[in-house]
Colleague: 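This is the structure I have questions about; it appears just below.
Predicted model, so just to flag it, every value in this text is computed and none were measured. In this chain, residues are counted from 1 in sequence order.
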Amino acid sequence: MLTRRLFLALGSAGALSYTVERALAAQQAAARTDRPLVGALRWDAWYAPGSTPTKAVETSLSPQQYHWRVPFFAKETTGKSRSEIAFPEITQQTIDKEIKQAVFAGIDYWAFVAYGSADPMSRALKVFRESPIKNEISYCIFTEFPRWGSHDKPSPLIDEHVKLMGDSNYLKVAGGRPLYFLGFIHVADVEKRWGGIENLRAQIEQFRARVKAAGHGDPYLVLTGDKKLLNEQGAFLTADAVSSYAGVYGSVRGSYADLTRGAERDWNELAKSRLPVIPTVMTGWDRRPRIERPVPWEAKQRPGVGMENFFIAPTGAELSDHLHRSIEWRAAQPGEMKSPAILIYAWNENDEGGWLVPTLPCKTERLEALRKVLKDPQSKQRPNLC
């Protein structure tokens with residue numbers, strides 16, 4: 001049942017019908033061409049001035065050599081000796097622009113990295129859910145496994161996520177099942193937090209039951225984390241598919257082609273789980289801003305240690321090719337092993353090296369690279385995106 005607030009936000013029931021029908025039409029078109037739904041991770045540290053995460057990314061990206069990779073809505077401020085970066089409070093106008101940018105590129109959904117509703121990292125999700133054009137793009141949740149709490153104290157975040165699945169634009173796959181990522185699962189955490197794999201399985205079964213009881217259907221659960229654990233225990237944990245947040249390759253450097261080869265090897269490694277794989281497409285990996293000026297949540301990082309380890313940023317053509325190969329790889333899997341989606345790292349991990357969001361002043365090459373694969377390549381339409 002539609003709430004009065006939703007009617008006011010959208011203006012009328014007709015507006016709701018139009019936007020919902022548009023979103024459904026996009027998903028149905030993808031299904032007809034057998035193209036999986038393509039989404040991008042959102043890590044939303046950028047929108048809460050004065051908060052720890054926003055201050056950290058302002059600091060990491062303020063050196064002049066990193067300004068080329070700063071999101072379009074940032075402000076460059078000039079001090080006595082150097083220019084710095086500041087991020088303003090998120091507005092409806094900003095998030096609506098991002099929705100239009102994602103739609104332009106052909107992105108079907110965002111996977112929001114989940115934090116509690118009161119966390120500054122959740123402001124973008126809140127404003128997104130209030131947008132009058134939110135139904136132009138679907139969304140789902142990507143939860144860091146430790147945020148599920150522990151065997152003795154499950155997190156209230158789980159209940160928040162069950163409620164989110166009732167949103168009109170929460171992404172449904174495989175016949176109406178809400179897509180949900182549970183990520184960064186590692187053996188040590190399974191033992192420490194849940195007392196073993198059996199207890200974690202029981203918690204996952206309870207989560208499924210809560211989602212069903214809320215009337216949202218059986219969640220399509222995607223696990224990420226330790227590949228050996230996923231390969232050996234993914235099926236036992238009742239996962240519907242496996243994936244990865246990003247391909248992280250340690251103390252290495254190379255070309256973008258080197259990075260994509262590593263990512264594509266990971267797809268095949270994950271397939272050993274005998275579960276469908278949602279392949280992760282890498283838009284880059286270059287943590288030098290965080291290495292030069294470490295962020296508070298990476299306590300082990302020492303300033304400057306590892307500056308030589310990064311991958312060259314992609315050209316538009318290289319990014320298009322990598323995405324195209326992910327679609328082909330998924331299509332080549334046996335019928336029962338075809339996943340319903342592809343995941344891109346990332347919409348806005350700008351200081352870590354992976355992004356699609358336009359950068360200052362309004363560089364949209366990466367969106368256009370996706371559009372060549374996901375939409376009509378002959379289209380000349382190019383709206384003002386910033």
Side-chain angles (χ1 to χ4, degrees), residues 3 39 41-45 53 109-130 134 138-174 176-226 229-230 233-245 275 278 297 340-341 343:
T3 65
L41 285 154
R42 288 193 65 114
W43 181 78
D44 292 316
Y109 71 96
W110 278 324
F112 282 81
V113 180
Y115 298 82
S117 58
D119 194 288
M121 295 287 288
S122 295
R123 291 191 188 178
L125 177 58
K126 177 181 183 295
V127 177
F128 169 71
R129 295 181 68 221
E130 295 170 349
K134 66 180 183 180
S138 297
Y139 85 98
C140 69
I141 291 298
F142 190 113
T143 307
E144 297 170 326
F145 170 62
R147 295 185 184 276
W148 257 28
S150 64
H151 180 57
D152 296 329
K153 191 176 181 180
S155 171
L157 193 64
I158 297 173
D159 284 328
E160 288 187 20
H161 294 171
V162 173
K163 291 177 182 177
L164 291 176
M165 291 177 185
D167 283 358
S168 61
N169 63 334
Y170 195 95
L171 181 62
K172 303 293 178 63
V173 299
R177 303 174 64 188
L179 183 65
Y180 188 87
F181 290 86
L182 183 61
F184 302 102
I185 301 174
H186 299 287
V187 173
D189 273 341
V190 171
E191 293 298 327
K192 177 181 177 181
R193 292 178 175 274
W194 295 96
I197 200 76
E198 293 81 6
N199 288 337
L200 177 57
R201 175 187 166 117
Q203 177 59 33
I204 288 174
E205 290 176 338
Q206 290 178 29
F207 173 70
R208 287 190 185 280
R210 288 157 80 173
V211 176
K212 292 177 184 178
H216 306 320
D218 183 14
Y220 191 95
L221 182 65
V222 185
L223 303 183
T224 87
D226 181 86
L229 175 65
L230 296 180
Q233 302 290 349
F236 177 76
L237 290 172
T238 73
D240 294 290
V242 292
S243 187
S244 60
Y245 187 88
L275 291 167
I278 293 182
W297 54 90
L343 185 65

Colleague: Just checking, is any N or O donor in the side chain of Tyr115 or Asp44 under 3.5 Å from an acceptor N or O on the other one?
Modeller: no
Colleague: Quick check for you: to the nearest 0.5 Å, what is the distance between Phe142 atom CZ and Tyr245 atom OH?
Modeller: 7.0 Å
Colleague: Considering only heavy atoms from C-beta outward, does the side chain of Pro146 approach that of Arg193 to under 4.5 Å?
Modeller: yes
Colleague: Pick out which of Ser138, Pro340, Pro178 makes a side chain to side chain contact (heavy atoms under 4.5 Å, CB included) with Leu171.
Modeller: Ser138
Colleague: Evaluate the criterion side chain to side chain contact (heavy atoms under 4.5 Å, CB included) for residue pair Asp226 and Phe184; output intermediate values, then yes/no.
Modeller: CA-CA 7 Å; Asp226 181 86; Phe184 302 102; over 6 Å; no
Colleague: Any side-chain heavy-atom pair from Thr224 and Ile278 closer than 4.5 angstrom?
Modeller: no
Colleague: Could you tell me whether the side chain of Lys134 and the main chain of Arg129 form a donor-acceptor pair under 3.5 Å?
Modeller: yes
Colleague: What distance separates Glu191 CD from Ile197 CD1, expressed to the nearest 0.5 Å?
Modeller: 8.0 Å
Colleague: According to ring-ring contact (aromatic ring centres under 6.0 Å, His included), who are the partners of Tyr180, at least two apart in sequence or on a separate chain?
Modeller: His161, Phe207
Colleague: Rounded to the nearest 0.5 Å, what separates atom CH2 in Trp194 from atom CG in Asn199?
Modeller: 8.5 Å
Colleague: Rounded to the nearest 0.5 Å, what's the gap from CG on Leu223 to OG on Ser244? Could you check?
Modeller: 12.5 Å
Colleague: Only pairs at least two apart or in different chains count here, so list each salt bridge (charged side-chain N to carboxylate O under 4.0 Å, His left out) that has a residue in residues 147-158.
Modeller: Glu144-Arg147
Colleague: Would you say the side-chain atoms of Arg201 pair up with the backbone N or O of Phe236, donor to acceptor, closer than 3.5 Å?
Modeller: yes
Colleague: So, Arg177 and Asp240, do they make that salt bridge, N to O below 4.0 Å?
Modeller: yes
